[in-house]
Visitor: 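Can you read through this structure? Questions will come right after.
All values derive from a computational prediction rather than experimental measurement.
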Amino acid sequence: QELVQLSDKVYPAIDQIVNDETRARRMMRLGIQVVALTVGVGRDYRTRAGDAWIAVQQQELSRGGITTKDYVHYPRYQQMLAEIPCVPDVEFWNESLDDLAQKYADIRRATIASNGSYETDATHAIHLSALATAYAAEYHPELHLSTVALYALIHDIVEAYAGDTPSLGLNKKQRHEKARIEKAALKRIEREFGDKFPEFIQACKDYE
């Protein structure tokens, strides 16, 4: 029930229109940029990237009307948010990354929203991340929260080139074809971004 209540607050926040796009789409674009461009010394990539994404996520959700008070049932997460570094300064904006993020964000899923429209990957991934980070922090503290956040953001990124294939009800041949198409999509992402953003590509591979 607590998760449903949080979900019911997240959807309206990320469905808001900000500069001619939904907040979810904006968050997807900001998240991919920050995750790929975040650098640091002495900390593993998943921690740096995941923490950077959590900071962006909370900043944007706050602008959408969701504050730490809305996580009243997740005190561990509230405490962790207080310890997350501020949103990092990104020195430049990579247009190719933004193109990838937009393709990813705009993929239409098989899931139909309550208003009758098809859900996008942006709405799906941002909603998942907002809930998964809080839930993991409260009920699975043994998990690495930064990695949970990072994987929630990028978990469907191959769909930017592969599209969304509903997983339920697939036969063996269809599952094999889905895996083949998504593997090819990941290889394409690696070809296009591997030289410049090797850690970002490694995170995508690690998730897969």
Visitor: Using a strict threshold of under 4.0 Å (side-chain N to carboxylate O), is an ion pair present between D156 and R109?
Guide: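 The answer is yes: the pair qualifies as a salt bridge.
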Visitor: Quick one: does Y207's side chain get under 4.5 Å of T147's, heavy atoms only?
Guide: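 No, their side chains stay 4.5 Å or more apart.
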Visitor: Quick check: do K183 and K178 have side-chain heavy atoms less than 4.5 Å from each other?
Guide: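 They are not in side-chain contact.
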Visitor: Please check if any side-chain donor atom of R25 sits under 3.5 Å from a side-chain acceptor atom of Q102, or the reverse.
Guide: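 Yes, a side-chain donor-acceptor pair sits under 3.5 Å.
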Visitor: Are E177 and R180 close enough for a salt bridge, meaning some N to O gap below 4.0 Å?
Guide: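 Looking at E177 and R180, the cut-off is met.
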Visitor: Look at the rings of F193 and F197 and say which category their plane angle falls in: under 30° parallel, 30 to 60° tilted, over 60° perpendicular.
Guide: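 The arrangement is tilted - the two ring planes meet at 30° to 60°.
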Visitor: Can you name the closest pair of heavy atoms from A185 and V158 and give their distance?
Guide: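 Minimum heavy-atom contact is CB-O, 3.3 Å.
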Visitor: Is a salt bridge present between R48 and D44, judged by a nitrogen-to-oxygen distance below 4.0 Å?
Guide: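 No, no charged N to carboxylate O under 4.0 Å.
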Visitor: Would you call E21 and R29 a salt bridge, using N to O less than 4.0 angstrom?
Guide: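 Salt bridge present between E21 and R29.
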Visitor: For side-chain hydrogen bond (donor to acceptor under 3.5 Å, both in side chains), just list the numbers for Y71 and E2, CA-CA rounded to whole Å, side-chain angles, deciding distance to a tenth of an Å, and then say yes or no.
Guide: CA-CA 9 Å; Y71 292 97; E2 295 166 357; over 6 Å; no
Visitor: Side-chain donor-acceptor pair under 3.5 Å between D15 and T22, yes or no?
Guide: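 T22 and D15 do not have a side-chain donor-acceptor pair below 3.5 Å.
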Visitor: Can you find a pair of side-chain heavy atoms, one from L30 and one from W93, that are under 4.5 Å apart?
Guide: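 Yes. Closest side-chain heavy atoms under 4.5 Å.
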Visitor: Any side-chain heavy atom of T38 within less than 4.5 Å of one from Y45?
Guide: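 The answer is no, as the side chains (C-beta and beyond) never meet within the 4.5 Å cut-off.
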Visitor: For Y139, is the OH atom crowded, meaning more than 12 foreign heavy atoms sit under 6.0 Å from it?
Guide: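 Yes, the 6.0 Å shell around OH holds more than 12 heavy atoms from other groups.
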Visitor: So does K205 pair up with E208, basic N to acidic O under 4.0 Å?
Guide: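 No, no charged N to carboxylate O under 4.0 Å.
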Visitor: Under 3.5 Å, is there a donor-acceptor pair between the S129 and Q57 side chains?
Guide: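 Side-chain D/A pair, S129 to Q57: present.
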Visitor: Could you tell me whether the side chain of I84 reaches within less than 4.5 Å of the side chain of Q58, counting heavy atoms only?
Guide: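 With C-beta onward as the side chain, the pair stays apart.
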Visitor: Could you please spell out the steps behind the salt bridge (Lys or Arg N to Asp or Glu O under 4.0 Å) verdict for R63 and E60?
Guide: CA-CA 5 Å; R63 289 172 177 171; E60 289 299 314; 3.0 Å; yes
